[in-house]
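Keep in mind the model is a prediction, meaning the values are calculated, not measured.
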Amino acid sequence: MHHSQINSDIRNLITEGTVIPAHPLALTAARQLDKTHQRALTRYYIDAGSGGLAVGVHTTQFAIRDVGLYRPVLELAAETAANWTKRPLAMVAGLAGPTNQAVTEARTARDIGYHAGLLSLAAMKSASEDEIIAHCTAVAAEIPLVGFYLQPAVGGVILSTRFWQRFASIDNVIAIKIAPFNRYRTLDVLRGVAAAGALDRVALYTGNDDHILLDLMLPFDLRDNGVSTRTYFKGGLLGHWSVWTASAIKQFERCKAARHKDSVPADLLALDARVTDCNSAFFDVANNFHGCIAGCHEVLRRQGLMQGLWCLDPDEGLSPGQKEEIDRVYRAHADLSDDAFVAANRDKWLA
């Protein structure tokens, strides 16, 4: 599947930039798929105004592959979305593992109706740059790719500007989620895409939870031989956006409106730090992100969109002190939550 085959409305949506939450996995106390709450989450993201969904990604738990849930979870999200809305929705499937596995997952996602694959390179840690590019090229032959620069703390691989230039030169790459949580490495990706001459084709999406709003509003000037090329992050694909999503979409629209202007309101700049503060609790920064999935589950549990915090790995849960940190940001940043929106619609989503 080539990106030229994607419905033009959806292709434009990805290119122009949108909000794509990383979809969590709702489980029962027996750690089985909770279809009722899983569907409710999909409906929540759609009604909140999301432009797409990322399913089978880190927030969905990579372990779904080990328990036979990869296809069922992707199918459930796609079916729920198709039955809930007729507006364009970019469906992105997480792809992982060595080449044979990633290619098989790409084919599965394509056959279900997903438009693109977010390619994790965590399984390629010991591979050379040439081997990783060959891996990406093989997967791109099956489905349009969204590149993924994942921070090393949760399994990412450090990659060079040269790598990102070569990656962006692959014709079927349509976007890159930039999530190294590191400004230097973020710039490496931007410089690589610019060097490939691919800024018009490859949409830049932030996954940098430490600077979400700044990434979305600020210009980046890339210099080559004294000539500047100005570019912007177009949207975001974030686990952080799996919670308080309706509010996140309002923040995204404010950031988008601030682009290309001579000045940005100080209140909007300051809001970036408040969002980062919330993320520090949800993503368990104090414990090197150990509780990042369970932290999002806790917010959704409080809203009634999940029954509990259960992860597929019984050892995965909130870290010591994380619940108290979530309590703190709930008190400090209550105006950033979307609790009222969820309360008003939850019964409908759970029906």
Side-chain angles (χ1 to χ4, degrees), residues 21-45 48 50 53-70 72-73 76-77 80 94 151 153-155 207 209 238-248 275-334 336-339 341-343 345-347 349-350:
H23 203 307
L25 181 70
L27 296 175
T28 66
R31 291 188 165 82
Q32 301 296 312
L33 178 62
D34 179 348
K35 291 185 178 180
T36 297
H37 286 81
Q38 191 73 3
R39 277 192 292 264
L41 288 170
T42 302
R43 294 165 176 172
Y44 162 48
Y45 300 133
S50 298
L53 296 171
V55 188
V57 294
H58 177 249
T59 304
T60 324
Q61 301 175 52
F62 287 135
I64 58 173
R65 295 156 173 82
D66 303 327
V67 294
L69 283 178
Y70 182 75
V73 167
L76 184 58
T80 302
Q151 61 154 328
V154 288
D209 298 70
L238 293 143
H240 180 82
W241 281 351
S242 70
V243 301
W244 294 1
T245 311
S247 296
V275 172
T276 302
D277 190 31
C278 295
N279 181 264
S280 72
F282 302 159
F283 267 52
D284 193 26
V285 174
N287 296 284
N288 206 27
F289 306 96
H290 174 78
C292 61
I293 293 175
C296 294
H297 288 187
E298 170 63 10
V299 177
L300 295 168
R301 184 198 65 79
R302 293 182 186 202
Q303 293 182 316
L305 289 169
M306 278 190 168
Q307 294 189 81
L309 310 186
W310 307 293
C311 295
L312 290 170
D313 180 353
D315 294 329
E316 193 168 351
L318 294 179
S319 294
Q322 188 180 2
K323 179 182 180 297
E324 290 73 20
E325 272 295 284
I326 294 173
D327 290 341
R328 178 187 65 79
V329 300
Y330 246 97
R331 290 191 303 269
H333 307 293
L336 301 185
S337 81
D338 64 356
D339 288 1
F341 170 73
V342 173
N345 292 280
R346 184 179 55 242
D347 290 347
W349 299 330
L350 287 167

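To the nearest 0.5 Å, atoms CG (Leu312) and CZ (Arg31) are separated by 8.0 Å. The distance from the CG atom of Asp277 to the CZ atom of Phe282 is 9.5 Å, given to the nearest 0.5 Å. Between the CG atom of Leu300 and the OG1 atom of Thr245 there is a distance of 7.5 Å, given to the nearest 0.5 Å.
Aromatic ring centroids of Tyr330 and Trp244 lie under 6.0 Å apart.
Not one N or O on the side chain of Gln307 forms a donor-acceptor pair closer than 3.5 Å with the backbone of Thr28.
Among residues at least two apart or in separate chains, salt bridge (charged side-chain N to carboxylate O under 4.0 Å, His left out) pairs with a member in residues 304-323 are Lys323-Asp327.
You'll find the side chain of Arg302 reaches within 4.5 Å of the side chain of Ile326, heavy atoms only. At a threshold of 4.5 Å between non-hydrogen side-chain atoms, the residues Asp338 and Gln303 count as touching. Side-chain contact check for Ser280 versus Arg328: some heavy-atom pair is nearer than 4.5 Å. Within the 4.5 Å cutoff, side-chain heavy atoms of Leu25 are placed close to those of Leu33. Put simply, the side chain of His297 does not reach to within 4.5 Å of the side chain of Leu318, judged on heavy atoms. A 4.5 Å side-chain heavy-atom check between Ser242 and Pro24 finds at least one atom pair inside the cut-off. Side-chain contact between Thr59 and His23 is absent, with no heavy-atom pair separated by less than 4.5 Å. Phe341 has its side chain within reach of Tyr44: a pair of non-hydrogen atoms, C-beta onward, lies under 4.5 Å apart.
Between the side chains of Asn287 and Gln322, no donor-acceptor pair of N or O atoms lies under 3.5 Å.
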Go through it in stages, so that I can follow the logic: the residues are His240 and Asp209, the test is side-chain hydrogen bond (donor to acceptor under 3.5 Å, both in side chains), and I'd like the CA-CA distance, side-chain angles, deciding distance and then a yes or no. CA-CA 7 Å; His240 180 82; Asp209 298 70; 4.7 Å; no
Checking His37 against Leu350 for the side-chain contact (heavy atoms from CB on, under 4.5 Å) test, could you report, in this order, the C-alpha distance in whole Å, the side-chain angles of both residues, the deciding distance, and whether it holds? CA-CA 6 Å; His37 286 81; Leu350 287 167; 3.6 Å; yes
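Heavy-atom minimum distance, Val57 versus Gly94: CG1-CA, 3.7 Å.
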